[in-house]
Amino acid sequence: MSSPEQWTGSGPESAPAATAAPTAEQVIAGLRATDEGGADLVQLLTPEGERVRHPDFDIDITPEELRGLYRDMVLVRRVDREANALQRKGQLGLWVPLLGQEAAQIGAGRALKPQDQVFPSYREHGVAWCRDIPPVDLLSIFRGTDNCAWDPIKHKFHPYTIVIGNQVLNATGYAMGQRFDGKVGDPDGEATICFFGDGATSQGDVHEGFVWAAVYDAPVVFYCQNNQWAISEPTERQSRLPLYHRARGYGFPGIRVDGNDVLACLAVSRWALEECRNGNGPVLIEAFTYRMDAHTTSDDPSRYRLSEELEVWKLKDPIERVKVHLVKQQWADQDFFDSVEAESEQVAIELRDKCVNLPDPSAESIFGNVYAEGNPVLEAQRDEFLAYHAGFAGGEH
Amino acid sequence: MAAPTVDRPTDAGPAAVRTLTLAKALNTGLRTAMENNPKVIVMGEDVGKLGGVFRITDGLQKDFGEQRVLDTPLAESGIIGTAVGLAIRGYRPVCEIQFDGFIFPGFDQIVSQVAKLHYRTSGRVKLPLVIRVPFGGGIGAVEHHSESPESYFAHTAGLKVVSCSNPSDAYWMIQQAIDCDDPVLFFEPKRRYYEKGEVDTASTTTPLFSSRVLREGTDATLVAYGPMVRTALEAASAAAEEGHSLSVIDLRSLSPLDLGPVYESVRRTGRLVVVTEAPSESSISGEIATRVQQECFYSLQAPVLRVTGFDTPYPPSKLEEEYLPDLDRVLHAVDRSLAF
């Protein structure tokens with residue numbers, strides 16, 4: 001790929017051939033999606049479980065820490081699969097699968113310090129796990145019992161954002177506040193991390209967020225999980241350039257990391273968050289990964305991508321490569337893997353039970369918390385509604 | 001409802017009464033709010049050194065610094081979207097949108113995030129955010145500079161929408177809006193910016209989200225807000241010369257609507273004419289007409305009539321005198337009402 005500096009000509013001839021739109025065959029076959037991600041890809045653990053060194057983003061990891069990352073990913077995948085199954089059984093109206101993106105999320109999530117703020121999109125179940133959000137709280141959104149069951153202030157994990165890209169500006173504003181409050185400039189400083197997908201990079205709010213973050217030196221890590229598909233639209237429908245290259249145009253670093261490599265994601269995220277805490281933000285991270293399941297349970301990927309693409313990405317599975325590495329290093333035995341498996345089953349059983357027993361909200365709660373200081377017109381509407389219900393036998397809803 | 005009030009010392013004496021333009025009253029109100037609360041910040045395009053395109057924020061950056069008066073990049077979604085994050089962080093941002101027709105790039109953030117975060121989080125996240133919008137026509141401007149988009153926001157649950165019509169209200173309402181824990185869309189009548197009036201900076205007795213009866217009458221009631229309040233008052237004076245006694249009510253709050261005083265007045269006069277610059281279809285004027293016929297059906301002597309802008313895009317400025325309700329159109333509607 002040519003570097004952007006070369007693009008100084010005024011005519012179309014100056015654009016390098018590498019920027020040509022993909023052919024239909026390339027898009028359909030997902031050939032670009034299965035590319036290793038380019039020479040700049042930061043990788044510390046190969047799909048074969050081999051540890052490799054990187055000159056800028058290496059990391060020291062203890063056996064215990066790596067076992068912890070493995071456990072996180074297995075449990076989060078089990079939560080995700082259970083939620084998917086619960087949707088199929090009619091217990092959830094919708095689910096947004098994270099299958100395949102465990103490393104991208106656990107790597108970033110475990111790089112966070114308690115004082116950091118997280119602004120998620122709607123697929124960040126793994127990051128929520130790292131912020132101690134009970135998985136059933138995520139399910140309540142998709143079961144329709146709550147819009148955000150957790151306390152975003154307490155967990156420093158903001159509500160899921162369904163409108164694509166809105167949270168990028170909200171996160172940037174929050175990070176501006178961190179800087180205004182003097183909370184950057186030393187290792188105990190604060191940082192904000194914002195999650196969004198490759199499709200979101202086409203949204204104006206993401207562009208505006210990059211502009212604001214740059215001009216106000218906001219301590220925010222923009223964490224783009226490029227899972228190759230925005231529902232049915234491939235990354236090539238969002239950009240001619242690799243997404244991490246865009247950061248250069250805004251004046252901050254952009255890094256592409258192997259999003260299926262939890263060590264690389266942890267290392268790059270730690271570095272980026274430290275940059276922000278030290279006052280050197282913002283940073284863009286493109287976690288190059290793959291959405292192994294549908295966009296949501298309402299989606300049908302077989303209509304727009306070939307199964308061969310999936311088969312290629314299965315070989316890059318984020319959990320298997322850690323398992324192989326643990327075995328090769330003799331950092332974990334069969335008992336460990338069995339215990340994690342058993343724990344994941346227990347998590348799934350508990351999640352199933354909690355999901356089906358989520359209480360329905362009261363009808364009156366429709367009217368609650370619309371305003372902080374009330375609204376007499378709405379209160380009159382609520383009173384009329386409650387009086388109407390009270391007119392039924394027993395006064396029950 | 002616990003309407004926000006801004007209590008100031010009432011023993012400031014006669015010196016507290018000043019004559020100010022509406023623009024200067026807003027500027028003074030913003031300054032007072034910033035002095036009283038270090039978390040209040042002003043942000044928007046050109047609000048710093050220039051003092052805003054209408055100079056409403058004149059001098060604030062000089063006195064409060066660049067971190068409290070932010071000259072932002074040029075993008076409305078960015079202004080509002082980052083203000084959301086700042087509000088979550090504990091700030092009380094006051095965003096300036098330069099002109100009414102430019103608010104639409106920020107519409108998504110306003111209706112998707114600003115309006116819904118408190119509800120989405122069961123009240124755990126408050127959005128004490130003010131979005132100031134100079135609105136309405138009559139200044140001979142080009143396209144997109146003279147619109148009345150307030151109904152879009154009044155239609156969205158979670159937002160509060162107000163409009164001032166005189167310097168005293170401008171001074172107090174901007175401070176009350178900033179004190180409010182709910183997001184407030186603050187519509188300023190740009191063609192009244194340079195009209196003067198008395199402002200008692202020592203105290204106010206009017207809560208933000210309430211309408212006010214400006215003139216009592218017996219034959220018909222006029223309801224208006226923002227730039228049309230003066231037109232309604234002039235119409236009432238002209239009607240008085242013809243022997244008709246009109247009430248005039250300034251709504252001030254468009255969401256929530258405080259229609260109690262309107263109902264009282266209509267029960268006495270039996271007639272209502274609503275005067276706004278905004279197009280009539282699916283509008284605040286239509287909402288008022290609906291509620292008044294529901295509440296005052298047996299008191300009405302005539303159908304509720306509306307004098308509004310037309311259901312067209314805002315026309316070229318050479319035509320805006322035809323488009324905007326004026327004294328004659330208001331009096332014509334009063335005559336039609338009285339003739340029933």
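Chain identifiers are assigned alphabetically (A, B, ...) following the order of the sequence lines, protein sequences preceding nucleic acid strands; residue numbering begins at 1 within each chain. Just so we're clear, the structure is a prediction, and the values are computed from it rather than from any experiment. Atoms considered below: every heavy atom in the structure, side chains included; atoms not considered: hydrogens, waters and symmetry mates.
Under the rule for a salt bridge (Lys or Arg N to Asp or Glu O under 4.0 Å), the partners of B:K39 that lie at least two apart in sequence or sit in another chain are A:D181. Every side chain to side chain donor-acceptor pair (under 3.5 Å) that B:D63 has, sequence neighbours left out, goes to B:R31.
Of the two parts of A:V370, the backbone and the side chain both hold a non-hydrogen atom closer than 4.5 Å to a non-hydrogen atom of chain B. Of the atoms belonging to B:A75, heavy atoms from both backbone and side chain fall under 4.5 Å from chain A. Residue A:A149 touches chain B through its backbone alone, counting heavy-atom pairs closer than 4.5 Å. For A:Q117, no part lies near chain B; criterion is any non-hydrogen pair under 4.5 Å. If you measure heavy-atom distances from B:R68 to chain A, you find no contacts under 4.5 Å at all. In this structure, chain B has a heavy atom under 4.5 Å from the side chain of A:Y216, while its backbone stays farther away. Contact annotation for A:Q203: neither backbone nor side-chain heavy atoms come within less than 4.5 Å of a heavy atom of chain B. Interface remark: A:H207 contributes no atoms to any contact with chain B (heavy atom separation under 4.5 Å). For a residue to count as touching a neighbouring chain, one of its non-hydrogen atoms must lie under 4.5 Å from one of that chain's; by this rule A:T161 touches chain B with the side chain only. For B:I79, the parts lying near chain A are the backbone and the side chain together; criterion is any non-hydrogen pair under 4.5 Å.
Taking both residues in full, the closest heavy atoms of A:P159 and B:L117 are given as CG-CD2, 4.0 Å, listed atom of the first, atom of the second, then distance.
Judged by distance alone, the side chain of B:D182 and the main-chain N or O of A:E373 form a donor-acceptor pair under 3.5 Å. No side-chain donor-acceptor contact under 3.5 Å links A:Y174 to the backbone of B:A87. Remark: the backbone N or O of A:I366 is paired with a side-chain donor or acceptor of B:Y119 at under 3.5 angstrom. Looking only at distances, a side-chain donor or acceptor of B:R124 sits under 3.5 Å from a matching main-chain atom of A:W150. Side-chain N or O atoms of A:N170 include none that pairs as donor or acceptor with a backbone N or O of B:G85 at under 3.5 Å.
More than 12 heavy atoms of other shown residues, nucleotides or ligands fall within 6.0 angstrom of atom CD in B:Q67. Heavy atoms of other residues, nucleotides or ligands lying less than 6.0 angstrom from CD of B:Q294 number more than 12. Within a 6.0 Å sphere centred on NE2 of B:H155, heavy atoms belonging to other residues, nucleotides or ligands number 12 at most.
At a threshold of 4.5 Å between non-hydrogen side-chain atoms, the residues B:S255 and A:V377 do not count as touching. Within the 4.5 Å cutoff, side-chain heavy atoms of A:L169 are placed close to those of B:S77. Counting heavy atoms from C-beta on, the side chains of A:V163 and B:K116 never come closer than 4.5 Å.
For the set B:L70, B:I41, B:T121, the entry with the most heavy-atom pairs within less than 4.5 Å of chain A is B:L70. Ranked by heavy-atom pairs under 4.5 Å with chain A, the first of B:I80, B:L86, B:V84 is B:L86.
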A:I162 and B:R120: CA distance, side-chain angles, deciding distance, side-chain contact (heavy atoms from CB on, under 4.5 Å) verdict
CA-CA 12 Å; A:I162 311 288; B:R120 185 179 299 139; over 6 Å; no

Could you walk me through whether B:Q109 and A:E208 pass the side-chain contact (heavy atoms from CB on, under 4.5 Å) check?
CA-CA 12 Å; B:Q109 282 286 344; A:E208 292 176 34; over 6 Å; no

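Note that CE of A:M176 and OG1 of B:T82 are 5.0 Å apart. Values are rounded to the nearest 0.5 Å. Taking CG of A:D205 as the reference point, atom CD of B:Q113 lies at 9.0 Å (rounded to 0.5 Å).
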